[in-house]
Amino acid sequence: MVVTVIAVAALCGALVGFGALVFATGFRGAEARPPRWHRPALGARVDRFSLRLGLGTVAGVATLAATRWPVGALLMAALGAALPSLMGGRGAREAAMARTEAVAAWTEMLRDTMAGAAGIEQAIIATAAVAPTPIREEVVALAARLEREKLAVAMRDFADALADPAADLVVAALVLASERQARRVGELLGSLATATREQAKMRLRVETGRARTRTATRVVTLFTVGVALVLVVFNRGYLQPYDSALGQVMLLVVGACFGGAFWWLAKLSKAAAPERFLLGGHGGAR
């Protein structure tokens with residue numbers, strides 16, 4: 001009884017603290033966040049960490065209040081923290097494919113603009129306002145940097161901002177063309193645009209093939225958690241052996257086995273992202 005009261009009090013305290021944080025944030029005000037593919041990497045990591053922390057805390061405290069199992073609370077907290085990886089990720093995958101398609105479209109814009117006897121810098125500035133939406137913010141920032149930086153430095157910063165292998169190809173081609181006064185840059189950009197579109201189609205086919213595995217992962221996860229909840233609510237006596245110290249040890253073993261299986265399923269459902277070849281502080285080549 002004491003453990004239950006403490007767990008409920010801890011849950012109420014966590015909810016009150018979260019509500020106070022939300023109220024303080026709303027009272028202070030915040031700028032509207034850019035679209036998902038424009039959000040800074042650090043901000044995205046902070047958002048994911050906050051979501052995982054909240055889900056893990058709520059799941060752990062609720063489990064402790066319902067079962068009085070410290071090991072069960074720890075396992076459910078870990079499952080709650082891992083739930084976004086097991087159940088989500090679709091938005092990030094769609095944003096990555098949209099970014100690759102946008103790079104191909106912008107490359108074609110550069111090719112067509114340069115066909116009118118425009119230089120690389122002039123072509124970038126001319127296409128900044130009409131660049132595809134997924135990369136428009138980065139292209140506008142690139143055009144602004146060109147006014148105070150050299151093309152090579154600005155393009156490498158642009159590649160770091162996009163963090164896309166297809167963009168690395170375009171950046172490398174433009175940098176080499178500007179430094180070595182290469183000819184027939186338009187044909188090269190056209191070839192790169194075609195290759196980028198083919199890469200986007202290939203990634204779409206891979207994601208389609210992995211969709212079945214991701215669906216199976218969600219079904220297995222929901223079914224496992226659902227069965228556990230049904231047993232806790234409607235057949236508590238069946239789980240009574242886990243109330244002892246030895247039962248908690250066995251629960252830890254069983255939970256570790258399930259956790260390893262969930263991790264394996266999640267790993268199978270994710271396709272390996274292509275590696276970049278422009279890395280470093282300014283996109284230096286590997």
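Heads up: numbering here begins at 1 and tracks the sequence. Predicted model only: the values in this text are computed from it and were never measured.
In this structure, Arg236 pairs ionically with Asp243, as a charged nitrogen and a carboxylate oxygen lie closer than 4.0 Å. The existence of a salt bridge linking Arg156 and Glu149 is excluded, since no basic side-chain nitrogen approaches an acidic carboxylate oxygen closer than 4.0 Å.
In this structure, CZ on Arg197 lies 15.5 Å from CE on Met202, to the nearest 0.5 angstrom. Of the inter-residue distances, the one linking Thr127 atom OG1 with Arg111 atom CZ reads 13.0 Å to the nearest 0.5 angstrom. The CG atom of Leu162 lies 10.5 Å from the CD atom of Glu137; values are rounded to the nearest 0.5 Å. Distance check: Glu138 CD to Asp164 CG gives 10.5 Å after rounding to the nearest 0.5 Å.
Contact check for Met109 versus Met114: no side-chain heavy atoms found under the 4.5 Å cut-off. Looking only at side-chain heavy atoms (C-beta outward), Val71 and Tyr242 stay at 4.5 Å or farther from each other. Side chains of Trp69 and Leu75 form no contact here, defined as non-hydrogen atoms less than 4.5 Å apart. Taking 4.5 Å as the limit, every side-chain heavy atom of Val175 sits out of range of all side-chain heavy atoms of Leu151. Between Met155 and Leu142, the closest side-chain pair of non-hydrogen atoms falls below 4.5 Å. Inter-residue side-chain proximity for Phe262 and Thr221 is flagged as met; some heavy-atom pair is nearer than 4.5 Å. Contact of the Leu239 side chain with the Asn235 side chain is not registered, since no non-hydrogen atoms from C-beta on lie closer than 4.5 Å. Side chains of Thr196 and Thr107 form no contact here, defined as non-hydrogen atoms less than 4.5 Å apart.
Listed here is the closest heavy atom pair of Ala128 and Ala143: CB-CB, 3.8 Å. Taking each heavy atom of Thr113 and Ala126 in turn, the nearest pair found is CG2-CB, 4.2 Å. Summarising the geometry of Arg52 relative to Ala81, their closest heavy-atom pair is NH1-O, 2.8 Å, with the distance given to 0.1 Å. Minimum heavy-atom separation, Thr63 to Ala73: CG2-N, 3.8 Å. Heavy-atom minimum distance, Ile125 versus Leu146: CG1-CD1, 4.5 Å. Nearest approach of Thr100 to Ala200, heavy atoms of both residues: CG2-CB, 3.9 Å.
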Exercise. May I have the step-by-step check of side-chain contact (heavy atoms from CB on, under 4.5 Å) for Lys201 and Arg205, ending in yes or no?
Key: CA-CA 6 Å; Lys201 292 179 181 179; Arg205 290 194 295 267; 4.0 Å; yes

Exercise. Kindly determine whether Glu121 and Glu147 satisfy side-chain contact (heavy atoms from CB on, under 4.5 Å), including the steps that lead there.
Key: CA-CA 9 Å; Glu121 292 88 347; Glu147 298 180 357; over 6 Å; no

Exercise. Starting from the C-alpha separation in whole Å, work towards a yes-or-no answer on side-chain contact (heavy atoms from CB on, under 4.5 Å) for Leu189 and Leu174.
Key: CA-CA 9 Å; Leu189 291 177; Leu174 293 177; 3.9 Å; yes

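Hydrophobic clustering (side-chain heavy atoms under 4.5 Å, transitive across Ile, Leu, Val, Met, Phe, Trp, Tyr) keeps Leu74 apart from Leu79. Criterion: ILVMFWY side-chain heavy atoms under 4.5 Å apart, direct or through other members. Under it, Ile135 and Leu169 are part of a common hydrophobic cluster. Under a hydrophobic-cluster definition in which Ile, Leu, Val, Met, Phe, Trp and Tyr are linked whenever side-chain heavy atoms come within less than 4.5 Å, directly or via other members, Val227 and Leu222 are assigned to different clusters. No continuous path of hydrophobic side-chain contacts links Val225 to Val232 [ILVMFWY only; heavy atoms under 4.5 Å]. When the side chains of ILVMFWY residues are joined at heavy-atom separations under 4.5 Å, either directly or via intervening members, Leu251 and Val230 end up in two distinct hydrophobic clusters.
Judged by distance alone, the side chain of Arg136 and the main-chain N or O of Ala131 form a donor-acceptor pair under 3.5 Å. A donor-acceptor distance shorter than 3.5 angstrom exists from the side chain of Ser244 to the backbone of Pro241, with no hydrogens or angles considered.
Among residues at least two apart or in separate chains, ring pair (Phe, Tyr, Trp, His ring centres under 6.0 Å) pairs with a member in residues 146-169 are Trp106-Phe158.
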